[in-house]
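One structure is given here, and the rest of the page talks about it.
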Amino acid sequence: MIDYETLKLVWWGLNAALLIGFALTGGFDLGAAALLPFVGKTDEERRVAINAIGPTWEGNQTWLITAGGAIFAAWPLVYAAAFSVFYIAFMLLLFALFLRPVGFDYRSKVADPRWRTTWDWGLFIGGLVPAILCGVAIGNLFVGLSFQFDDSMRVSYGAGFFALLNPFSLFCGLVSLSMLLLHGATFLHLRTDAHVQRRARTAVMVWGLVTALLFALGGVWIKQMAGLHLVQIGDVNGVITPLSKSVQAGEGAWLTNFHTWPQAWLAPIAGIGGALLAALAGLLRWRWPAFLASGLAIVGIIVTAGLALFPFVLPSSLDLNSSLTVWDSVSSQKTLGIMLGVVLVFLPLISIYTTWVYRVMRGTVTIDRIRRETHTSY
């Protein structure tokens, strides 16, 4: 059997991989929906953009659902505390996501322009709001969340929803939005033609530069922030409670791992470099390189955040020692082992299914195509 310490590290990596999988797949359909009013000036142009993401957006949500289930199974304390602190934010996220299935399914049921325009704005909100809220959630991990455990391991909560809307977290929301707008733009640039493609190409160049700039500024900001440092903890290969460790705060502590492991700097380099390469590829009209470069930027940005926080998963602003880490927030060794077996079976299946779907749905979406395929287009 795999030892407990290794299982804890493996599940940190698996949860990160699932979130990256959602950002790479669901990210471009969120970004494309948020770009809908700007890349489509007519009803048919907006239909082109919608049909580029319509056949696959629902399957992309599999990664998000799987990530939520994995966090519940592997990090139950994180799941409980996070869903309580982020309760209102998660409800806003869910209601924004609710606009997507009804928008895709109902938009073309009625030919009335007002009806279709209403659902176009619904799809826009369903792409914009989740993109921002995901970044706000990540930003609050660096600021710290208002929860703490008492001696009996009962959790209590402090500040409410509006405390989550602090300057750094809102800034992270902008980074997340620009990152997904870039990814959505590269996808539309890849899958469409004519006016929609030209506007998407412009968006690729703009949001590639904006993403690189905002991400770099975020690194400078984090350097000035107070981060957490794990001073003492028990045997990480055994069962540890959150209160059995000692945590201290210090300026620039979120960059400690990058100083300890210099190779970790490859992640932020990939984040900035990928965004700049996407902008350059857009300028040169290289469609596939632009899409792959935006994916590299997403991986680099998310991995950078994960490495900066490691080993912390859910830092606390009320009591530093209550902060949850990779070592003390996990399920039992047996649970992690069984779930690892499940993941090793189903994760490849999800990947194979996703690859097959994109292969079947490949090709350029044009106005002539949606006019011709009225029975299948949105």
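As the structure is a computational prediction, the values presented were derived from the model and not from experiment.
Looking at heavy atoms from C-beta onward, Arg191 lies out of side-chain contact with Gln197 at the 4.5 angstrom threshold. The shortest distance between side-chain heavy atoms of Thr366 and Thr192 does not fall below 4.5 Å. Residues Leu209 and Leu213 have side chains not in contact (no heavy-atom distance under 4.5 Å, counting atoms from C-beta outward). Put simply, the side chain of Asp319 does not reach to within 4.5 Å of the side chain of Phe149, judged on heavy atoms. When side chains are defined from C-beta on, His229 does not count as touching Val247, because their heavy atoms never get closer than 4.5 Å. The shortest distance between side-chain heavy atoms of Arg46 and Lys41 does not fall below 4.5 Å. Considering only heavy atoms from C-beta on, Ile240 stays 4.5 Å or farther from Asp235 through its side chain.
Under a hydrophobic-cluster definition in which Ile, Leu, Val, Met, Phe, Trp and Tyr are linked whenever side-chain heavy atoms come within less than 4.5 Å, directly or via other members, Leu243 and Val326 are assigned to the same cluster. Cluster membership check: Leu141 shares its hydrophobic cluster with Tyr157, using side-chain heavy-atom separations under 4.5 Å among Ile, Leu, Val, Met, Phe, Trp and Tyr. Linking ILVMFWY residues whenever their side-chain heavy atoms come closer than 4.5 Å, directly or via other members, leaves Val78 and Leu318 in distinct clusters. If you chain together hydrophobic residues whose side chains sit under 4.5 Å apart, Leu64 and Val102 never meet in one group. Under the 4.5 Å side-chain heavy-atom criterion for Ile, Leu, Val, Met, Phe, Trp and Tyr, Val231 and Leu228 are members of distinct hydrophobic clusters.
The aromatic rings of Trp119 and Trp115 lie perpendicular to each other, with more than 60° between the two planes, well past the 30° mark. Taking the six-membered ring where the residue is Trp, Phe38 and Phe124 present perpendicular rings, their angle passing 60° and hence far from 30°. Classified by interplanar angle (parallel below 30°, tilted 30° to 60°, perpendicular above 60°), the ring pair Trp254/Phe312 is perpendicular. Relative ring orientation between Phe90 and Phe86 is described as tilted, the plane-to-plane angle lying within the 30° to 60° band.
At least one donor-acceptor pair under 3.5 Å links the side chain of Asn140 to the backbone N or O of Leu164. Panel note: side chain Asn237, backbone Tyr4; a donor-acceptor pair is recorded below 3.5 Å. Ser317 contributes a side-chain N or O that, together with a main-chain N or O of Leu145, makes up a donor-acceptor pair within less than 3.5 Å. Not one N or O on the side chain of Thr211 forms a donor-acceptor pair closer than 3.5 Å with the backbone of Gly208. Proximity of a side-chain donor or acceptor of Trp11 to a complementary backbone N or O of Leu336 within less than 3.5 Å is detected. Looking only at distances, a side-chain donor or acceptor of Asn257 sits under 3.5 Å from a matching main-chain atom of Phe310. A side-chain donor-acceptor contact under 3.5 Å links Lys245 to the backbone of Asn321. When atom types are taken as modelled, the side chain of Trp265 and the backbone of Phe258 share a donor-acceptor pair closer than 3.5 angstrom. The closest donor-acceptor contact from the side chain of Thr117 to the backbone of Pro113 lies under 3.5 Å. A donor-acceptor pair under 3.5 Å is absent between the side-chain atoms of Trp327 and the main chain of Lys8, judged by distance alone.
Heavy-atom minimum distance, Val365 versus Ala52: CG2-CA, 3.9 Å. Contact between Val204 and Gly282 at its shortest, heavy atoms only, is CG1-CA, 4.0 Å. Minimum interatomic distance between Gly31 and Leu181 (heavy atoms only, all atoms of both residues): O-CD2, 3.8 Å. Phe291 approaches His183 most closely through the heavy-atom pair CE1-CE1, 3.5 Å. Across Ser294 and Leu182, no two heavy atoms sit closer than the pair CB-CG, 3.9 Å.
Ion pair Arg100/Glu58 not flagged as a salt bridge, since none of the NZ, NE, NH1 or NH2 atoms sits closer than 4.0 Å to an Asp/Glu carboxylate oxygen. By the 4.0 Å N-to-carboxylate-O rule, Glu251 lies too far from Lys223 to be salt-bridged with it. For the pair Arg107 and Asp43, the salt-bridge criterion is met [side-chain N within less than 4.0 Å of a carboxylate O]. Of the charged side-chain nitrogens involved, none lies within less than 4.0 Å of a carboxylate oxygen, so that Arg198 and Asp193 do not count as a salt-bridged pair.
Rounding to the nearest 0.5 Å gives a distance of 11.0 Å between CG of Leu19 and CG of Leu24.
Here Phe83 and Tyr79 bring their ring centres to under 6.0 angstrom of each other.
Within a 6.0 Å radius of CZ in Phe72, no more than 12 heavy atoms belonging to other residues, nucleotides or ligands are found. Shown here is Tyr358, whose OH atom has more than 12 heavy atoms of other residues, nucleotides or ligands within 6.0 Å. In this structure, Trp221 places its CH2 atom where more than 12 heavy-atom neighbours from other residues, nucleotides or ligands lie under 6.0 Å away. Annotation for Phe95: atom CZ does not count as buried by contact number, only 12 or fewer foreign heavy atoms lying within 6.0 Å.
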For Ser169 and Asn166, what are the C-alpha separation, side-chain angles and deciding distance, and is it a side-chain hydrogen bond (donor to acceptor under 3.5 Å, both in side chains)?
-> CA-CA 5 Å; Ser169 297; Asn166 54 78; 2.8 Å; yes
Worked verdict on Thr354 versus Val357 for side-chain contact (heavy atoms from CB on, under 4.5 Å) = CA-CA 5 Å; Thr354 301; Val357 167; 5.8 Å; no
Trace of the side-chain contact (heavy atoms from CB on, under 4.5 Å) decision for Arg199 with Glu45 = CA-CA 11 Å; Arg199 295 182 190 118; Glu45 289 176 352; 2.7 Å; yes
Chi angles and distances behind the side-chain contact (heavy atoms from CB on, under 4.5 Å) call for Phe22, Thr62 = CA-CA 8 Å; Phe22 173 67; Thr62 302; over 6 Å; no
Tell me, with the steps shown, if Trp63 and Ser351 meet side-chain contact (heavy atoms from CB on, under 4.5 Å).
-> CA-CA 10 Å; Trp63 293 94; Ser351 301; 3.9 Å; yes
